[in-house]
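Order of the sequence lines fixes the chain letters, A, B, ..., with proteins taken first and strands second; residue numbering starts at 1 for each chain. In this text, all values refer to a predicted model and were calculated from it rather than measured experimentally.
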There are 2 protein chains.
Amino acid sequence: MSQSLSRALRILIELGEGERSLDQVAASLEVHKTTAMRLLHTLEADRFVRRDDRQRYHLGSRLFALGGAALAQHAIRDVAQPHLNRLAAEAGGQAVHLAAYENGTAIYIAKVENTHAVRMYSRVGLPAALHATAVGKVLVAGLPPGEQEAVIAGIDFRPFTSRTIADAAAYREVLAKTREQGWAEDAAEHEDFINCVGAPVRDEAGRVVAAVSVSVPDVILPREGVRGLVPQLLAATEAISADWVGAR
Amino acid sequence: MSQSLSRALRILIELGEGERSLDQVAASLEVHKTTAMRLLHTLEADRFVRRDDRQRYHLGSRLFALGGAALAQHAIRDVAQPHLNRLAAEAGGQAVHLAAYENGTAIYIAKVENTHAVRMYSRVGLPAALHATAVGKVLVAGLPPGEQEAVIAGIDFRPFTSRTIADAAAYREVLAKTREQGWAEDAAEHEDFINCVGAPVRDEAGRVVAAVSVSVPDVILPREGVRGLVPQLLAATEAISADWVGAR
DNA sequence: CTGCATGTTGCAAATTATGCAACGACGATT
DNA sequence: AATCGTCGTTGCATAATTTGCAACATGCAG
């Protein structure tokens with residue numbers, strides 16, 4: 001739609017991976033370096049991009065501010081954070097995530113790192129696979145039926161592990177079960193040896209507005225043990241839902 | 001330089017202040033709504049912008065990720081954070097800031113909130129006034145002489161309080177004193193009733209790479225009392241400098 | 001001093017963005 | 001129930017913005 005703009009956005013995304021020189025930027029955009037330079041200058045003028053003394057380009061300080069503002073606008077994050085911390089503690093220091101549905105994807109909007117040596121890879125702002133994570137299942141299961149089908153049609157059932165759900169039919173069954181029992185499971189479907197349980201946060205009309213999950217490596221607790229965390233998980237999501245409804 | 005791009009950036013900046021409708025965006029850009037719409041769609045396609053079910057536009061999830069990445073690229077932040085926490089505790093729960101010089105401005109890259117009721121306004125990613133904050137003075141005082149003059153020439157000596165430094169001559173004296181004593185003061189020059197002290201973090205060549213400040217409201221501690229925090233402040237900045245040199 | 005890598009400028013060509021006007025969808029109001 | 005108003009969307013002609021080129025400038029290394 002807007003060529004120069006989408007090129008500029010690609011620059012920002014690429015700089016998110018690390019510093020780049022002008023030529024590197026031009027090469028990866030497949031444009032003349034003049035073009036890349038002018039985009040970079042515009043970005044620099046508004047502090048979206050910064051140039052160091054060695055002429056390398058970095059993400060600029062404006063993105064700190066916007067990133068912070070974006071997070072602040074997810075008011076549910078503030079409501080949820082203390083409950084997430086408590087849940088993480090109750091679960092013995094395991095990783096806890098809060099994710100929200102957004103335009104066909106699930107996005108992590110808050111997390112509590114686990115305190116054990118085994119870290120899992122995730123980051124606030126990155127998308128969670130809809131078909132291979134507990135939060136993804138919870139969020140899709142909570143969509144209105146019409147939208148749900150559209151989303152399912154758009155899922156790429158890419159396997160992450162040997163246990164990843166591989167097709168829409170199996171996925172629909174899992175969604176039905178999720179709705180029925182009020183929580184979802186991820187049995188090493190996204191990362192080998194990591195099991196999760198997730199549950200929804202709801203607003204006053206019962207709509208799912210976010211999902212919380214606890215992730216536990218096999219070596220700490222086997223799959224059945226993780227299921228044992230469901231009561232604490234549900235207590236946390238119910239508390240968040242109550243606070244959320246009360247906060248508005 | 002690039003019209004459509006700078007318009008799009010202005011959209012992002014504005015959305016940082018809160019949600020907007022298409023017409024509001026078009027009005028503030030002073031362009032036809034068609035134009036605004038196409039920019040918004042491009043931004044939306046890359047998740048820089050998100051549309052809610054009521055057709056309001058918000059900052060999108062990509063900005064979480066980029067904001068996080070931008071922070072992560074300021075490696076000094078990670079090095080400094082534990083020292084900042086300790087300093088804040090030693091200072092009795094006062095606000096502590098870490099700022100870096102960047103393209104003619106000082107930017108807060110980390111902070112520790114104070115634990116008292118009186119909060120001061122600041123936010124990671126926002127610029128700090130060079131002439132009216134302790135970190136601003138420290139960072140400018142540490143620039144190479146040539147660049148320093150260029151920066152001073154560009155400062156708008158806007159008064160924030162009755163005590164704000166009002167001209168370049170007075171500012172140069174303060175910078176000299178800052179270099180001499182190794183720390184700077186802000187005696188209610190930015191916000192009435194808030195005094196700060198700040199000191200530099202240096203790399204292995206002695207260059208100033210960042211500045212740390214402690215901010216204390218008058219009601220907690222008078223100006224002389226704040227000066228008493230200088231030893232702890234210097235201990236913290238020296239520790240950060242040592243860690244920083246060691247980390248590379 | 002020469003060569004290589006990097007960033008910058010003037011200019012002509014045309015792709016790309018723009019504004020207009022008309023349309024469609026949705027809600028509120030009467 | 002009908003109408004009005006608000007808001008977002010699309011097709012199209014205009015032209016303005018962006019693009020690539022080629023030459024120039026600067027800084028560093030051999």
Side-chain angles (χ1 to χ4, degrees), chain A residues 1-15 17-60 102-104 143-147 150 205 207, chain B residues 1-15 17-60 102-104 143-147 150 205 207:
Chain A
M1 310 181 190
S2 178
Q3 188 179 77
S4 59
L5 173 54
S6 58
R7 284 174 173 168
L9 298 182
R10 281 170 56 200
I11 291 179
L12 290 177
I13 294 169
E14 184 163 347
L15 290 183
E17 289 156 22
E19 59 170 41
R20 294 292 137 97
S21 71
L22 173 60
D23 278 342
Q24 288 175 309
V25 170
S28 89
L29 287 185
E30 298 179 298
V31 297
H32 199 239
K33 60 178 179 168
T34 306
T35 305
M37 190 197 72
R38 287 193 269 241
L39 294 175
L40 283 166
H41 280 194
T42 308
L43 289 165
E44 192 183 358
D46 275 320
R47 303 210 325 274
F48 281 79
V49 153
R50 165 179 68 91
R51 223 188 319 191
D52 65 22
D53 35 9
R54 278 163 198 79
Q55 299 269 56
R56 289 293 138 89
Y57 295 89
H58 303 256
L59 294 178
E102 200 166 284
N103 268 341
L143 291 174
E147 197 173 349
R207 285 180 298 244
Chain B
M1 311 181 191
S2 177
Q3 186 178 79
S4 60
L5 173 53
S6 58
R7 284 173 173 169
L9 298 182
R10 283 170 56 200
I11 292 179
L12 291 178
I13 293 170
E14 184 164 345
L15 290 182
E17 290 155 23
E19 58 169 42
R20 294 291 136 95
S21 70
L22 172 61
D23 278 342
Q24 288 175 308
V25 170
S28 88
L29 287 185
E30 299 179 296
V31 297
H32 197 134
K33 60 178 181 171
T34 307
T35 305
M37 189 196 73
R38 285 193 270 241
L39 293 175
L40 283 166
H41 280 194
T42 307
L43 289 165
E44 192 183 357
D46 275 321
R47 302 211 326 276
F48 281 78
V49 153
R50 164 179 69 90
R51 222 188 321 191
D52 66 22
D53 35 8
R54 279 163 197 79
Q55 299 267 58
R56 288 296 140 90
Y57 294 89
H58 305 255
L59 294 179
E102 200 166 283
N103 268 339
L143 291 174
E147 196 172 351
R207 283 180 299 243

Using whole Å, what does the distance between atom [atom2] of nucleotide [N] and atom [atom1] of [X] come to?
| X | N | atom1 | atom2 | value |
| --- | --- | --- | --- | --- |
| Lys33(B) | dC20(C) | NZ | P | 12 Å |
| Ile11(B) | dA17(C) | CD1 | P | 14 Å |
| Arg7(B) | dT17(D) | CZ | C1' | 10 Å |
| Leu43(A) | dT18(D) | CG | C1' | 15 Å |
| Glu30(B) | dT18(C) | CD | C1' | 15 Å |
| Leu40(A) | dT18(D) | CG | P | 15 Å |
| Gln55(A) | dG27(D) | CD | C1' | 10 Å |
| Leu39(A) | dG7(C) | CG | P | 14 Å |

Going from NE2 on His41(A) to OG on Ser2(B), what distance comes out if it is rounded to the nearest 0.5 angstrom?
12.5 Å

To the nearest 0.5 Å, tell me how far Leu43(B) CG sits from Leu5(A) CG.
5.0 Å

NA contact type, Thr34(A), heavy-atom cut-off 4.0 Å: base, sugar-phosphate, or nothing?
base

Would you classify Ser2(A) as touching base, sugar-phosphate or nothing, given that sugar-phosphate means primed atoms plus P, OP1 and OP2, and contacts are heavy atoms under 4.0 Å?
sugar-phosphate

Does the side chain to side chain contact (heavy atoms under 4.5 Å, CB included) test come out yes or no for Arg10(B) and Glu14(B), once each step is laid out?
CA-CA 6 Å; Arg10(B) 283 170 56 200; Glu14(B) 184 164 345; over 6 Å; no

Tell me whether the side-chain N/O atoms of Arg56(A) come closer than 4.0 Å to OP1 or OP2 in dA5(C).
no

Under-4.0 Å side-chain N/O to phosphate OP1/OP2 contact, His41(B) with dT9(D):
yes

Which of these nucleotides, dT19(D), dT9(D), dT18(C), is closest to any side-chain atom of Thr35(A)?
dT19(D)

State which of dG7(C), dG8(D), dC21(D) makes the closest approach to the side chain of Arg51(A).
dG7(C)

Quick check: on DNA chain C, is the nucleotide nearest Leu22(A) upstream (toward 5') of the one nearest Gln3(A), or the reverse? Name the residue that is more 5'.
Leu22(A)

Let me know, please, whether Ser21(A) or Arg38(A) comes out on the 5' side of the other along DNA chain C by nearest nucleotide.
Ser21(A)

Ile11(A), Leu39(A), Thr35(A) screened by side chain to side chain contact (heavy atoms under 4.5 Å, CB included) with Val25(A), the one that passes:
Ile11(A)

What's the verdict on side chain to side chain contact (heavy atoms under 4.5 Å, CB included) for Leu12(B) and Phe48(A), showing C-alpha distance, side-chain angles and the deciding distance?
CA-CA 10 Å; Leu12(B) 291 178; Phe48(A) 281 79; 3.8 Å; yes

